Amino acid sequence: MATDFKSIPLIDISELVEKCDDPNSTQDKGVAEVVRQLDQACREAGFFYVKGHGIPESLVKEIRTISRRFFDSPYEEKLKIKLSSASGYRGYQRVGENITKGVPDMHEAIDCYKEVNPGMYGDLGKAMEGCNVWPSEPPNFKNLMEDYVDRCTGLYYMIIELSRKIMRGIALALGGPVDAFEGNRAGDPFWVLRVIGYPVLCHEMTKPENDVGCGAHTDYGLLTLVNQDDDITALQVRNSNGEWISAVPVPGTFVCNIGDMLKILTNGLYESTLHRVINNSSKYRVCVAYFYEPNFDAAIEPLDKCVEKSGGTKKFERAVYGKHLVSKVLTNFVI
């Protein structure tokens with residue numbers, strides 16, 4: 001359960017990244033300290049920064065740079081990859097097409113998902129069937145993003161491995177086996193990637209009717225890693241007192257937060273914390289959010305150990321991740 005935290009903790013996870021696959025890692029003092037900090041952060045805030053993650057900063061910045069170049073493209077060029085149901089809700093959405101709790105969000109984005117072949121998940125996955133669509137301009141956008149999301153030789157491999165390793169740390173923090181979130185739960189993790197641009201909305205003489213880049217929400221899956229601009233503060237996280245705490249950019253880090261599926265698995269010991277984005281700066285803001293999810297068809301329910309730790313009663317019913325995702329996606333857009 002989130003507390004009245006006033007800032008978001010920063011965790012150096014280098015020891016965990018290096019050693020979590022070692023059978024003796026549970027006896028390592030460095031790993032134990034990272035695990036302790038993860039547990040505290042997940043219990044108190046549901047958000048944390050990670051440094052020492054092992055992903056080159058040059059690659060992380062390059063992803064933001066090419067994303068900005070796409071958003072600088074003419075509107076007609078961006079519409080060539082317009083999001084539609086035919087592509088499984090993949091592609092470009094203009095400002096105001098994404099909706100949070102009935103209110104248009106003041107951002108534009110490209111939405112990507114792990115590709116779903118016809119019949120792969122039966123009726124459960126039908127709405128998500130399709131391939132990702134990429135712009136032809138900038139010329140190297142597709143190749144760079146596929147390195148980020150699709151190739152075992154590229155940055156995506158590092159990110160999915162980083163997410164897996166953080167989840168291994170969280171498994172240890174809960175007192176379970178290191179692979180508690182693998183196998184039938186997330187051994188074949190689904191993933192979502194959102195390339196998001198937040199335009200300048202506030203000017204000296206006028207204030208827009210709606211200045212919220214993305215309305216207050218929780219994320220759907222297990223773990224989110226946010227690659228955000230270093231010089232614009234816009235992401236805000238709500239504490240238990242209802243105060244909005246800014247996730248001030250820390251160069252060289254990812255902002256991480258836990259999602260609804262991890263909340264269920266932990267029986268509420270860890271909260272999927274409300275957050276929003278308001279870009280009050282004079283600069284266009286870019287972020288690339290990677291969502292590490294359970295297996296698409298995984299049935300998620302509270303872990304026995306977490307039920308014991310939280311009073312002995314299950315607080316949540318079983319939820320199928322893919323059904324949860326599709327229910328959100330089908331109500332997220334005006335298209």
Side-chain angles (χ1 to χ4, degrees), residues 1-13 15-16 31-53 100-101 163 165-176 180-181 212-226 228 233-250 253-278 287 289 291-293 300-317 319 324:
M1 181 65 68
T3 64
D4 62 347
F5 61 92
K6 303 299 183 184
S7 61
I8 296 171
L10 170 63
I11 306 174
D12 183 343
I13 62 170
E15 294 280 345
L16 177 68
V31 171
E33 176 56 21
V34 176
V35 167
R36 183 195 67 78
Q37 291 182 48
L38 284 172
D39 183 54
Q40 183 175 356
C42 290
R43 287 177 184 272
E44 296 182 357
F47 267 76
F48 50 94
Y49 302 94
V50 294
K51 68 176 184 178
H53 47 69
T100 301
K101 298 179 181 176
S163 302
K165 288 178 177 181
I166 294 173
M167 289 304 301
R168 284 196 150 204
I170 290 174
L172 293 175
L174 292 165
F181 300 119
V212 179
C214 189
H217 66 285
T218 59
D219 292 344
Y220 311 151
L222 293 173
L223 181 72
T224 305
L225 281 73
V226 178
Q228 63 175 346
T233 299
L235 176 60
Q236 301 174 350
V237 185
R238 197 174 78 171
N239 68 14
S240 60
N241 287 338
E243 301 169 308
W244 290 101
I245 308 301
S246 291
V248 178
V250 179
T253 70
F254 287 101
V255 183
C256 298
N257 62 279
I258 62 178
D260 297 337
M261 295 296 106
L262 187 53
K263 176 182 178 177
I264 293 173
L265 284 162
T266 65
N267 207 38
L269 290 172
Y270 295 168
E271 187 74 41
S272 49
T273 312
L274 277 172
H275 52 286
R276 67 184 185 185
V277 177
I278 299 179
C287 85
F291 303 86
Y292 183 82
E293 314 287 82
I300 301 300
E301 59 185 332
L303 299 172
D304 290 342
K305 184 170 287 290
C306 293
V307 173
E308 293 172 12
K309 287 186 173 184
S310 55
T313 302
K314 284 188 177 182
K315 300 177 182 178
F316 303 98
E317 297 295 325
H324 181 66

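Computed from a prediction, not measured in an experiment: that's the story for all the values here.
- Evaluation of the side chain to side chain donor-acceptor pair (under 3.5 Å) rule for E33 yields R36, Q37 as partners, not counting sequence neighbours.
- T273 places a side-chain N or O within 3.5 Å of a backbone atom of A45 that can act as its donor or acceptor partner.
- Contact detail for S272 and G259: the closest heavy-atom pair is CB-C, 3.5 Å.
- Panel note: side chain S163, backbone Y292; no donor-acceptor pair is recorded below 3.5 Å.
- By the ring-ring contact (aromatic ring centres under 6.0 Å, His included) test, H53 pairs with F254, sequence neighbours left out.
- The shortest heavy-atom contact between L235 and Q228 is CB-OE1, 4.2 Å.
- Within the model, atoms CG of N257 and CG of L222 stand 11.5 Å from one another, a figure rounded to the nearest 0.5 Å.
- Once rounded to the nearest 0.5 Å, the distance linking OG of S7 with CZ of F47 reads 13.5 Å.
- For I245, the side-chain contact (heavy atoms from CB on, under 4.5 Å) test picks out F5, N239, E243, with sequence neighbours left out.
- A search for side-chain contact (heavy atoms from CB on, under 4.5 Å) contacts involving T233 returns S246, V248, P249, not counting sequence neighbours.
- Residues V277 and Q236 fail the side-chain proximity criterion, which asks for heavy atoms closer than 4.5 Å.
- Distance check, rounded to the nearest 0.5 Å: CD1 of I13 to CD1 of I166 gives 4.0 Å.
- In terms of heavy atoms, H275 sits closest to W244 at CA-CZ3, 3.8 Å.
- In this structure, a donor-acceptor pair under 3.5 Å is present between the side chains of D260 and T218.
- For the pair D219/F291, a side-chain contact is recorded, criterion being any heavy-atom separation below 4.5 Å from C-beta on.
- Using a 4.5 Å heavy-atom threshold, the side chains of V34 and D12 count as separate.
- A distance of 10.5 Å separates CD in E44 from OG in S240, rounded to the nearest 0.5 Å.
- Of all non-hydrogen atoms in V50 and C256, the two that sit nearest each other are CG2-SG, 3.8 Å.
- Closest approach of K165 and L16 over heavy atoms only: O-CD2, 3.4 Å.
- Between Y220 and H324, the ring planes lie perpendicular to each other; the angle is over 60°, past the 30° to 60° tilted range.
- Of the possible polar contacts, one joining the N267 side chain to the K315 backbone as a donor-acceptor pair under 3.5 Å is found.
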Q. Does the side-chain contact (heavy atoms from CB on, under 4.5 Å) test come out yes or no for L174 and F181, once each step is laid out?
A. CA-CA 11 Å; L174 292 165; F181 300 119; 3.7 Å; yes

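- Atoms CG and NZ, on D4 and K6 in that order, are 5.5 Å from each other to the nearest 0.5 Å.
- A heavy-atom distance below 4.5 Å is found between the side chains of L265 and I300.
- Of all non-hydrogen atoms in A173 and D39, the two that sit nearest each other are CB-CB, 3.6 Å.
- Every residue two or more places apart in sequence or in another chain was checked for a side chain to side chain donor-acceptor pair (under 3.5 Å) with K305, and none qualifies.
- To the nearest 0.5 Å, atoms CD1 (I264) and CD (E317) are separated by 10.0 Å.
- Between L38 and Q40 there is no side-chain heavy-atom pair separated by less than 4.5 Å.
- The environment of NZ in K51 is sparse: at most 12 heavy-atom neighbours from other residues, nucleotides or ligands sit within 6.0 Å.
- When the side-chain contact (heavy atoms from CB on, under 4.5 Å) test is applied to I258, the partners found at least two apart in sequence or on another chain are C42, L262, Y270.
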